[in-house]
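Just so it is clear, the structure is predicted and the values come from calculations on it, not from any experiment. Each ligand, and each atom within it, is numbered from 1 in the order the structure gives.
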Amino acid sequence: MATPSPSTPDRAASFGLVAEDYGRLRPAPPDEAIDWMLPEHPSDVLDLAAGAGTLTALLPSRVRQVHAVEPDDRMRAVLAGRLPGADVRAGTAESIPLPDACVDGVIVASAWHWFDTGRAVPEIARVLRPGGRLGIVWNGIDRSVDWVDRWSSGLGDHGGQPAPEGRVARRGELLRAALEAPDSPFGGLEHAVFTTTRRSTPAQTTALLGTYSRVILLPEAEREAHLARALDALCAELGIGPDDAFALPFRALAWRTTRR
Ligand SMILES: C[S@@+](CC[C@H](N)C(=O)[O-])C[C@H]1O[C@@H](n2cnc3c(N)ncnc32)[C@H](O)[C@@H]1O
């Protein structure tokens, strides 16, 4: 992987440094979460901050036309390679390169926290048709499971964030503030949680950790030491070797709301 240079702008722009790994390693939210966020009979759907196309790849079987907007050139290149039929554009949530009222669904996966919501919310409302659906999801390793929390807390891996349940509550509060104001173009915010497990190995799980921004931006020696510590701790926690399979728990925290 390329070592982040001192000019690396910030965490939101860090993912391109690991674009190939990101596309290969990050799992999409479960099918039920995607179906819950999409409108009924979706026609045109925008995956906003689509990254390397992890979730986008699950849309062509569900919608007539997939649109994907992503600011990072390297992430977008991986996405476009995976999805030749998608309408893939450079852009941001604050400036979406699509016409007014052109989609009936917008999905944002693991990216809402990078947006300037004061500008992104009206912009998302602009491209959505009246009655269209905005779905927001964070999908990640499920730290509400005791052993996962023990393992990641032992690594100091909460990154100064509140404990998992505190973080869920905080995300809900931020979304309500951004989307439920009296003059909001959106209404009827709903929340659902989807849990699943995926077959993984400690080595694969540790590689996945390397696609998170706080790990990407560590200096190379620190990053390697952190990932080696994570691997040892995971093997010890589970009592298995680096290449032995186990069921890794994931949790998708999803919200949906409707364009008035
Ligand atoms: C954690 S990745 C999630 C990618 C993808 N949605 C997924 O689920 O795999 C966050 C993505 O948000 C993009 N991003 C960061 N700031 C953004 C902004 N203001 N508008 C749109 N995308 C942004 C990054 O380039 C990155 O690809």
of all protein heavy atoms, closest to atom 27 (O) of ligand 1 is Glu70 OE1, 2.8 Å
If you scan protein heavy atoms around atom 12 (O) of ligand 1, the nearest is Ala49 CB, 3.5 Å
Check: residues 84-108 side-chain donor-acceptor pairs under 3.5 Å, at least two apart:
residue: Asp87; atom: OD1; partner: Arg89; partner atom: NE; Å: 3.0
residue: Asp87; atom: OD2; partner: His67; partner atom: ND1; Å: 2.6
residue: Asp87; atom: OD2; partner: Arg89; partner atom: NE; Å: 3.0
residue: Asp87; atom: OD2; partner: Arg89; partner atom: NH2; Å: 3.3
residue: Arg89; atom: NH1; partner: Pro97; partner atom: O; Å: 2.8
residue: Thr92; atom: OG1; partner: Glu94; partner atom: N; Å: 3.3
residue: Thr92; atom: OG1; partner: Glu94; partner atom: OE1; Å: 3.3
residue: Thr92; atom: OG1; partner: Ser95; partner atom: N; Å: 3.1
residue: Glu94; atom: OE2; partner: Asp116; partner atom: N; Å: 2.8
residue: Asp100; atom: OD1; partner: Arg126; partner atom: NH1; Å: 2.7
residue: Asp104; atom: OD1; partner: Ser43; partner atom: N; Å: 3.3
residue: Asp104; atom: OD1; partner: Asp44; partner atom: N; Å: 3.1
residue: Asp104; atom: OD2; partner: Ser43; partner atom: N; Å: 3.0

Part of Ala109 with heavy atoms under 4.0 Å of ligand 1, whether side chain, backbone, both or neither:
both
To check your reading of the model: name the closest protein heavy atom to atom 16 (N) of ligand 1, its residue, and the distance in Å.
Trp114 CB, 3.6 Å
Counting distance only, does the side-chain N/O of Arg256 pair as donor-acceptor with the main-chain N or O of His191 below 3.5 Å?
no
Which residue holds the protein heavy atom closest to atom 19 (N) of ligand 1, what is that atom called, and what is the gap in Å?
Glu94 OE1, 3.0 Å
Taking 4.0 angstrom as the limit and counting only heavy atoms of Thr54, give me the atoms of ligand 1 inside it, by number and element.
9 (O)
Interfacing atoms of ligand 1 (cut-off 4.0 Å, heavy-atom, Met75):
27 (O)
I need the nearest protein heavy-atom contact for atom 21 (C) of ligand 1: residue, atom name and distance, please.
Ala93 N, 3.5 Å
Between Ser14 and Ser213, does any side-chain donor sit less than 3.5 Å from a side-chain acceptor?
no
Would you mind telling me if ligand 1 is within reach of the side chain of Ala28, the backbone, both or neither, using heavy atoms under 4.0 Å?
neither
Closest protein heavy atom (residue, atom, distance) for atom 15 (C) of ligand 1
Ala12 O, 3.6 Å
Kindly indicate whether a cation-pi arrangement holds for Arg26 with Tyr212, taking the cut-offs as under 6.0 Å to the six-membered ring centre and within 45° of the axis.
yes
Would you say Phe194 and Pro29 make side-chain contact, with heavy atoms under 4.5 Å?
no
Distance from atom 23 (C) of ligand 1 to nearest protein heavy atom, with residue and atom:
Pro71 CG, 3.5 Å
Strictly under 4.0 Å, does any heavy atom of Tyr22 approach an atom of ligand 1?
yes
Ring-ring centroid check Trp138 Trp255, cutoff 6.0 Å
yes
Check the pair Ser152 / Arg143 against side chain to side chain donor-acceptor pair (under 3.5 Å), numbers first and verdict last.
CA-CA 8 Å; Ser152 59; Arg143 287 182 173 164; 3.3 Å; yes
Per-atom contacts, ligand 1 versus Ser110 - under 4.0 Å to a heavy atom:
1 (C), 2 (S), 3 (C), 10 (C)
Rounded to the nearest 0.5 Å, what's the gap from CG on Asp31 to CG on Asp35? Could you check?
6.0 Å
Counting heavy atoms not belonging to Glu40, are there more than 12 under 6.0 Å from its CD?
no
